[in-house]
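Everything below concerns the one structure shown next.
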Amino acid sequence: MTILITGFESFGKVMDNPSQRIVEHLANQKRPNLITQILPVDYVRATDKLIPLIEKHKPDAILLLGVAQMRKEISLERIAVNINDASIPDNEGNLKQGQQIVPDAPVGYWSTLPLEVMYDSISSAEIPVKYSNHAGAYLCNHVMYRALHYLAMTRKADIPCGFIHVPDVTAVPLKQQIQVIELCLQVLKKETV
């Protein structure tokens, strides 16, 4: 089974993005069938990297990661909404406020990850975890929406795909964050047939 996992580079005041560190850790292990990619914090280039990866590798599951610095727990995102509405620009200086990600497309997409099983697995490891009802309106939501929209438009909506926000390492240490993603990868391997 092939899994695509992405994280984001540093941006704004986030000088050390734990999602990047998690993905780099996994990349260094050189696991077969695990495709890793750090996405730029750039609306255009993030999509330009993500969609070709899906097209090339045809993953059986897609796990997108990002940081939500102010949160104190792992956040399993339920919904991506069709809006870019940020208070800060991307790393190229583009500030998007109140703009649809894809014109004339659905207002939102549900995550297709096995969130309940992931939640139980993380909770059983005694790591703080919560559901979140949407992935914000910045780059994290943007790539989640783009990935789910691409899968819907190419009739591949049955591929598990979704987003997990990790907090700052002061709330949940990096070692535990890596453990969480390992647990989620195990869940994907068991649940995706």
Side-chain angles (χ1 to χ4, degrees), residues 1-42 45-46 49-50 53 57 59 61-78 80 86-88 90-91 111 113-144 147 160-192:
M1 140 173 237
T2 301
I3 300 175
L4 169 62
I5 183 166
T6 70
F8 278 107
E9 66 185 0
S10 300
F11 66 97
K13 294 180 180 176
V14 179
M15 303 313 294
D16 186 14
N17 192 328
S19 74
Q20 178 175 356
R21 292 176 67 190
I22 293 165
V23 172
E24 287 173 346
H25 169 82
L26 294 169
N28 287 338
Q29 295 178 346
K30 300 188 184 342
R31 297 184 200 182
N33 303 322
L34 186 63
I35 312 303
T36 58
Q37 181 67 54
I38 305 302
L39 298 175
V41 178
D42 175 317
R45 290 191 305 122
K49 271 193 183 267
L50 178 62
L53 280 171
H57 296 286
I62 301 167
L63 187 57
L64 308 163
L65 306 179
V67 64
Q69 254 199 321
M70 303 312 289
R71 298 188 195 177
K72 302 295 180 200
E73 60 281 313
I74 303 297
S75 296
L76 304 178
E77 300 298 346
R78 287 180 167 142
S87 59
I88 61 170
D90 68 11
N91 283 352
S111 170
L113 293 175
L115 294 181
E116 293 80 10
V117 184
M118 288 179 168
Y119 183 100
D120 290 344
S121 182
I122 298 164
S123 186
S124 294
E126 299 183 353
I127 298 169
V129 58
K130 285 189 178 178
Y131 292 111
S132 170
N133 286 329
H134 68 86
Y138 191 45
L139 263 292
C140 295
N141 175 72
H142 182 88
V143 298
M144 181 180 178
C161 176
F163 201 96
I164 297 175
H165 267 119
V166 296
D168 187 78
V169 293
T170 57
V172 177
L174 183 65
K175 185 176 179 182
Q176 280 192 314
Q177 292 189 27
I178 291 169
Q179 181 185 355
V180 163
I181 303 310
E182 293 282 12
L183 290 170
C184 291
L185 291 172
Q186 288 172 24
V187 166
L188 284 171
K189 286 173 186 171
K190 286 178 191 167
E191 296 290 314
T192 307

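Values below: every heavy atom of this structure, side chains too, minus hydrogens, waters and symmetry copies.
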Verdict with supporting geometry, His165 and Glu77, side-chain hydrogen bond (donor to acceptor under 3.5 Å, both in side chains): CA-CA 7 Å; His165 267 119; Glu77 300 298 346; 2.6 Å; yes
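- In terms of modelled atom types and a separation under 3.5 Å, the side chain of Gln177 and the main chain of Val172 share a donor-acceptor contact.
- Counting heavy atoms from C-beta outward, Glu116 and Tyr131 have side chains that approach closer than 4.5 Å.
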Check against salt bridge (Lys or Arg N to Asp or Glu O under 4.0 Å), Arg31 and Glu182: CA-CA 12 Å; Arg31 297 184 200 182; Glu182 293 282 12; 2.4 Å; yes
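- With a 4.5 Å cut-off on side-chain heavy atoms, Met1 and Ile3 count as touching.
- When all heavy atoms of Ala80 and Asn141 are compared, the closest pair comes out as CA-OD1, 3.3 Å.
- Taken from CD1 in Ile181 to CG in Leu26, the straight-line distance is 8.0 Å, to the nearest 0.5 Å.
- Counted by atom type alone, Asn91 and Glu9 present one or more donor-acceptor pairs between their side chains at under 3.5 Å.
- Summarising the geometry, atom NZ belonging to Lys130 is positioned 11.5 Å from atom NZ belonging to Lys72; distances are rounded to the nearest 0.5 Å.
- Within the 4.5 Å cutoff, the side chain of Cys161 has no heavy atoms near those of the Met144 side chain.
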Evaluation steps, salt bridge (Lys or Arg N to Asp or Glu O under 4.0 Å), between Glu24 and Lys30: CA-CA 10 Å; Glu24 287 173 346; Lys30 300 188 184 342; over 6 Å; no
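- When side chains are defined from C-beta on, Phe11 does not count as touching Leu139, because their heavy atoms never get closer than 4.5 Å.
- Minimum heavy-atom separation, Pro114 to Val187: CG-CG1, 3.7 Å.
- Counting heavy atoms from C-beta on, the side chains of Gln20 and Pro18 never come closer than 4.5 Å.
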side-chain contact (heavy atoms from CB on, under 4.5 Å) between Ile164 and Ser75, worked out: CA-CA 6 Å; Ile164 297 175; Ser75 296; over 6 Å; no
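- Panel note: side chain Asp168, backbone Ala171; no donor-acceptor pair is recorded below 3.5 Å.
- Listed for the Gln37 side chain is no donor-acceptor partner under 3.5 Å among the backbone atoms of Val23.
- Side-chain contact check for Leu63 versus Phe163: every heavy-atom pair is 4.5 Å or farther apart.
- Side-chain atoms of Ser19 come within 3.5 Å of backbone atoms of Phe8 as a donor-acceptor pair (strictly under, hydrogens ignored).
- Note that OG of Ser111 is 10.0 Å distant from CZ of Arg78, once rounded to the nearest 0.5 Å.
- Crowding of Glu126 atom CD: a count of heavy atoms from other residues, nucleotides or ligands under 6.0 Å not exceeding 12.
- The shortest non-hydrogen separation linking Asp42 to Asp90 is CA-OD2, 3.4 Å.
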Steps toward side-chain contact (heavy atoms from CB on, under 4.5 Å) verdict (Val180, Val166): CA-CA 9 Å; Val180 163; Val166 296; 6.0 Å; no
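- Atom-to-atom distance recorded for Ser121:OG and Leu183:CG is 4.0 Å, nearest 0.5 angstrom.
- If you take OG1 on Thr6 and CD1 on Ile62, they are separated by 9.0 Å, rounding to the nearest 0.5 Å.
- A donor-acceptor contact shorter than 3.5 Å is absent between the side chain of His57 and the backbone of Pro59.
- Closest approach of Leu113 and Pro160 over heavy atoms only: CD2-C, 4.0 Å.
- Within the 4.5 Å cutoff, no side-chain heavy atoms of Cys140 are placed close to those of Leu64.
- One distance of note links CD1 of Ile38 with CG of Asn17; it measures 8.0 Å at 0.5 Å rounding.
- Side-chain N or O atoms of Ser124 include one that pairs as donor or acceptor with a backbone N or O of Asp120 at under 3.5 Å.
- The closest side-chain heavy-atom distance from Pro167 to Ile74 is below 4.5 Å.
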